[in-house]
Amino acid sequence: MCEACLPLGFVAVIAGWITTEVGRQPWVIYGLMRTKDAVTPSLAGSDVLVSLIIYMIVYLVVYPVTLYYMIGLVRAGPEIEEEPDRPIEGLQRPLPARAAAGAAWSRPGTPIIAEPRP
Amino acid sequence: MMPLDFVPLWTLILGFGVFMYVLMDGFDLGVGILFRRAPNDAARDIMMNSVAPIWDGNETWLVLGGVALLAAFPLAFAIILPAVYFPILIMLMALIFRGIAFELRFKASPQSKHRWDAAFHYGSLVATLAQGFLLGAFVQGFRVDGRFFAGGSFDWLTPFSVLTAISLVLGYALLGATWLIMKTEGVLQDWARAQARWLMGASSSASAS
C-alpha cells in the first residue's frame, strides 16, 4: 500500500506546476503583463525549438542514468556496520577520508577492527 | 543626507561576484580540463576529490552574478540574456554533466567509470568554452534597438570570441594546475607543475594576441 503511494508526491508536484503555468494564461504576471508582451523579440521560434530539444535530450539521458544508480543502491540494501570489539574511541580506525576513498568507498561494509595500541 | 546611489554599489558587488567566480570556479573547471591528461587513474581520483567538497560552493558565485544582474540592472539583463542565449544554455547543460559526474563516478563500476571521466572533462571544457564565447561577445558589445537586443541568436560567434574562448580554457587550466600544485604531492604535483609551466606561456600569449 505504502509502496503504491510512492509516485503521489511526484504527481502532486507536477500537477501544481502545470496549474501555475497554464492557469495564469494569458498573463505572464497575473493582471500586470500579458504573455505576448513578454516574448523576447530576437529569439526565433526555431531557437526555442532547438533549446527545447537540447533540454529533452539532457533530461532523457540524466534521469534514466540516475535512476539506474538509485535502483542499484536500493538493491544492494543498507550497509550494516559491524560493532567494534572494544568500543573505545581511540582504538578505532579513523573513517577513510573521502580523498582516499576511490577504492575504499565502493567496498561494502569494511569492518572496523580495533587494533590494540602498542 | 546624501541619498545612497545604488548604481556604483551594485557595480562593485557584481564585479566582485564575477571576480570571485572566475577565480574560484576557474580552478575547479581547470581541474576538469586537465582531467583526461592526468598521468593515471589514481591521480584522477585525487584530482576529483580535491575539488569535490567545494566546487558547488564556487559555482554559487555564478548564481549571485545572474540574480544580481536581474535585480539591479534588469534592462541590461533583458538585452544580454537573449544575445547570449545559446552560450548560456550550452554552459548550463555542460555543468549538469559535470555536476552529476562528481556524484556518480565513485558509484560506477570499473567498466563504466571512464564515461564519467569523459562527462567531467567535456562538461568542464564545454562550460568554459561557452563562458569564453560569452565574454568575447560581451566585450564586443550587442546590437540594441530601443530597449531590446536587435541582433541574431548566433551573433556571439566571431573570430574574437573564438580567441577569448580558447584563452579562457588555457587560463582556467592554469588556475587548475596551480590548485593541484598547492593541494597535492608527489607524481601528481610534479605533473601539475609541468602543466602549469606550458599553460603559463600559452595563456599569456593567447590573451596577448
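Reminder, nothing fancy here: chain letters follow the sequence lines and each chain counts from 1. All values below come from the heavy atoms of this structure, side chains included, with hydrogens, waters and symmetry mates left out.
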Minimum-distance pair of heavy atoms, taken over all atoms of K107(B) and Y69(A): O-CE2, 3.7 Å
Atom CG of D145(B): over 12 foreign heavy atoms under 6.0 Å: no
Those residues that, when tested against Y85(B), pass side-chain hydrogen bond (donor to acceptor under 3.5 Å, both in side chains) (two or more places apart): S51(A)
Structural part of L73(A) lying under 4.5 Å from a heavy atom of chain B: side chain
Within-4.5 Å side-chain heavy-atom neighbours: F97(B) and V61(A): yes
Approximate separation, where rounding is to 0.5 Å, of Y55(A) OH and I96(B) CD1: 7.5 Å
Gap between atom CG of L43(A) and atom CG of L81(B) - 0.5 Å precision: 10.5 Å
Over all atoms of both residues, closest heavy-atom pair of S42(A) and P82(B): OG-CB, 3.5 Å
L104(B) side chain reached by Y68(A) side chain, heavy atoms, under 4.5 Å: no
Region of T184(B) that comes under 4.5 Å of a non-hydrogen atom in chain A: neither
Residue F148(B) versus chain A: region with a heavy atom under 4.5 Å: side chain
R37(B) atom CZ, over 12 foreign heavy atoms within 6.0 Å: no
Distance in Å, F86(B) CZ paired with D47(A) CG, rounded so as to fall on 0.5 Å steps: 4.5 Å
Summary of ring-ring contact (aromatic ring centres under 6.0 Å, His included) pairs that have at least one residue in residues 58-79 of chain B, sequence neighbours excluded: F16(B)-W61(B)
Separation of I54(A) CD1 from L89(B) CG (nearest 0.5 Å): 5.0 Å
